[in-house]
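Just so it is clear, the structure is predicted and the values come from calculations on it, not from any experiment.
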Amino acid sequence: MAKDAEVVEQGSFSAKDYHDPPPAPLIDHAELTKWSFYRAIIAEFIATLLFLYITVLTVIGYKSQTDPDKTSDACGGVGILGIAWAFGGMIFVLVYCTAGISGGHINPAVTFGLFLARKVSLIRALMYMVAQCLGAICGVGLVKAFQKSYYTKYGGGANELADGYNTGTGLAAEIIGTFVLVYTVFSATDPKRSARDSHVPVLAPLPIGFAVFMVHLATIPITGTGINPARSLGAAVIYNQDKAWDDQWLFWVGPFIGAAIAAFYHQFILRAGAAKALGSFRSNPHV
């Protein structure tokens, strides 16, 4: 009986056994006086630089290895599967490395979604986006500096809408792909899950990286897979061709819409933020 009572006692939970962090202020001037703020910005810059350097090199390497003028092996190189692994794997590694410093955003769309959910302040969100875009430009710039002839010949890793697809299809691919990513970010970092499952914070980079991998498999044939405005901007700036610039808006509008939908869905549907604010939809075991 004592053992049974102990089990019952351990199995009883309070109505809320976790605490949501308070919403970030819209404008937090105090951040500007803290070294941790600037350290986080540097971490976002370096992480995005490394992300673009490795992934764009992978894309160019694949195109070089499958160039019909150089080889007759159409199955050479890493293939689309390898490219998807490069993007997803780098996100896994970099989120793991920077999560404790900056949150491991490495993507303006992720930052935008977290800003809408009041996870970061406006100042931090804007500075993160600037750092991410500059890091992406520098990362692609390094690729061009080291492999200029290959870079120009094989498209520079720039995102462009593929032939045979209309603008609506490309925009939908970016919206849905970014929704999958940002929704995964919210779910993997949810304080409710972190409080109840101690392994969740440690494993959070894995589902985020895997989401990037899966989205790339689905959308590389359509847009080359943006879902990250900094990634698309960095490649467009260094490659600097008309087609990449003409399609650039797709890789900003789509990801930002997808991120906004994911933020709304997680905060107000799954976490019932609107219901809590109105004090309604309370659970009642007697109903």
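- Residues Val182 and Tyr265 are not in side-chain contact: their nearest non-hydrogen atoms beyond the backbone lie 4.5 Å or more apart.
- Aromatic ring centroids of Phe186 and Tyr183 lie 6.0 Å or more apart.
- Counting only heavy atoms from C-beta outward, the side chains of Phe179 and Ile257 never approach each other to under 4.5 Å.
- A donor-acceptor contact shorter than 3.5 Å links the side chain of Ser121 to the backbone of Arg124.
- Residues Ile220 and Val59 share a hydrophobic cluster, clusters being chains of Ile/Leu/Val/Met/Phe/Trp/Tyr side chains in contact below 4.5 Å.
- Annotation: side chain of Asn228 is not in contact with side chain of Phe87 (no heavy-atom distance under 4.5 Å).
- The minimum heavy-atom distance between Asp28 and Ile123, with the atom names listed, is O-CD1, 3.8 Å.
- When every heavy atom of Pro207 is checked against every heavy atom of Thr184, the shortest pair comes out as O-CG2, 3.4 Å.
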Verify side-chain contact (heavy atoms from CB on, under 4.5 Å) between Val237 and Val140, making sure each step is shown before the conclusion. CA-CA 9 Å; Val237 167; Val140 182; over 6 Å; no
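- In this structure the side chain of Tyr62 never reaches within 4.5 angstrom of the side chain of Thr58, judged on heavy atoms.
- Thr223 is not listed as a side-chain neighbour of Asp247, based on a closest heavy-atom distance of 4.5 Å or more.
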From CA spacing to verdict: side-chain contact (heavy atoms from CB on, under 4.5 Å), Thr48, Leu52: CA-CA 6 Å; Thr48 315; Leu52 267 293; 4.1 Å; yes
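- Shortest non-hydrogen contact noted between Ala40 and Ser102 is O-CB, 3.5 Å.
- When atom types are taken as modelled, the side chain of Ser64 and the backbone of Ile60 share no donor-acceptor pair closer than 3.5 angstrom.
- Counting only heavy atoms from C-beta outward, the side chains of Asp246 and Glu160 never approach each other to under 4.5 Å.
- Gly141 and Ile238 make their closest contact through N-CG1, 3.8 Å (heavy atoms, listed as atom of the first residue, atom of the second, distance).
- For the atom pair CG of Leu116 and OG1 of Thr111, the computed distance is 11.0 Å after rounding to the nearest 0.5 Å.
- Residues in residues 102-160 take part in these ring pair (Phe, Tyr, Trp, His ring centres under 6.0 Å) pairs, two or more places apart or across chains: His105-Tyr128, Phe112-Phe256, Tyr150-Tyr154.
- The CG atom of Leu217 sits 8.0 Å away from atom CD1 of Ile80, with the distance rounded to the nearest 0.5 Å.
- Remark: side-chain polar atoms of Asn107 are not paired, donor with acceptor, to backbone N or O of Ala230 under 3.5 angstrom.
- Taken from CZ in Arg231 to CD in Gln132, the straight-line distance is 14.5 Å, to the nearest 0.5 Å.
- The CD1 atom of Ile54 lies 10.5 Å from the CG atom of Leu142; values are rounded to the nearest 0.5 Å.
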Between Asp190 and Ser187, is the side-chain hydrogen bond (donor to acceptor under 3.5 Å, both in side chains) condition met? List the steps. CA-CA 5 Å; Asp190 191 328; Ser187 298; over 6 Å; no
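- The closest side-chain heavy-atom distance from Leu233 to Trp252 is below 4.5 Å.
- Here the shortest heavy-atom pairing between Pro229 and Pro108 reads CD-CD, 4.1 Å.
- In this structure, the separation between CZ on Arg39 and OG1 on Thr98 is 12.0 Å, given to the nearest 0.5 Å.
- Counting heavy atoms from C-beta on, the side chains of Tyr38 and Leu32 come closer than 4.5 Å.
- The 12-atom threshold is not exceeded at NZ of Lys34, counting heavy atoms of other residues, nucleotides or ligands nearer than 6.0 Å.
- Note that CG of Leu50 is 9.0 Å distant from SG of Cys97, once rounded to the nearest 0.5 Å.
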Applying side-chain contact (heavy atoms from CB on, under 4.5 Å) to Leu171 and Trp249, what does each step give before you reach the verdict? CA-CA 9 Å; Leu171 184 62; Trp249 69 272; 4.3 Å; yes
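- Linking ILVMFWY residues whenever their side-chain heavy atoms come closer than 4.5 Å, directly or via other members, leaves Ile101 and Val110 in distinct clusters.
- Although no hydrogens or angles enter the test, the distance criterion places a donor-acceptor pair under 3.5 Å between the side chain of Thr33 and the main chain of Ala30.
- The two residues Ala218 and Pro221 come nearest to each other via the heavy atoms O-CD, 3.8 Å.
- Between the side chain of Glu174 and the main chain of Gly226, a donor-acceptor pair closer than 3.5 Å is present.
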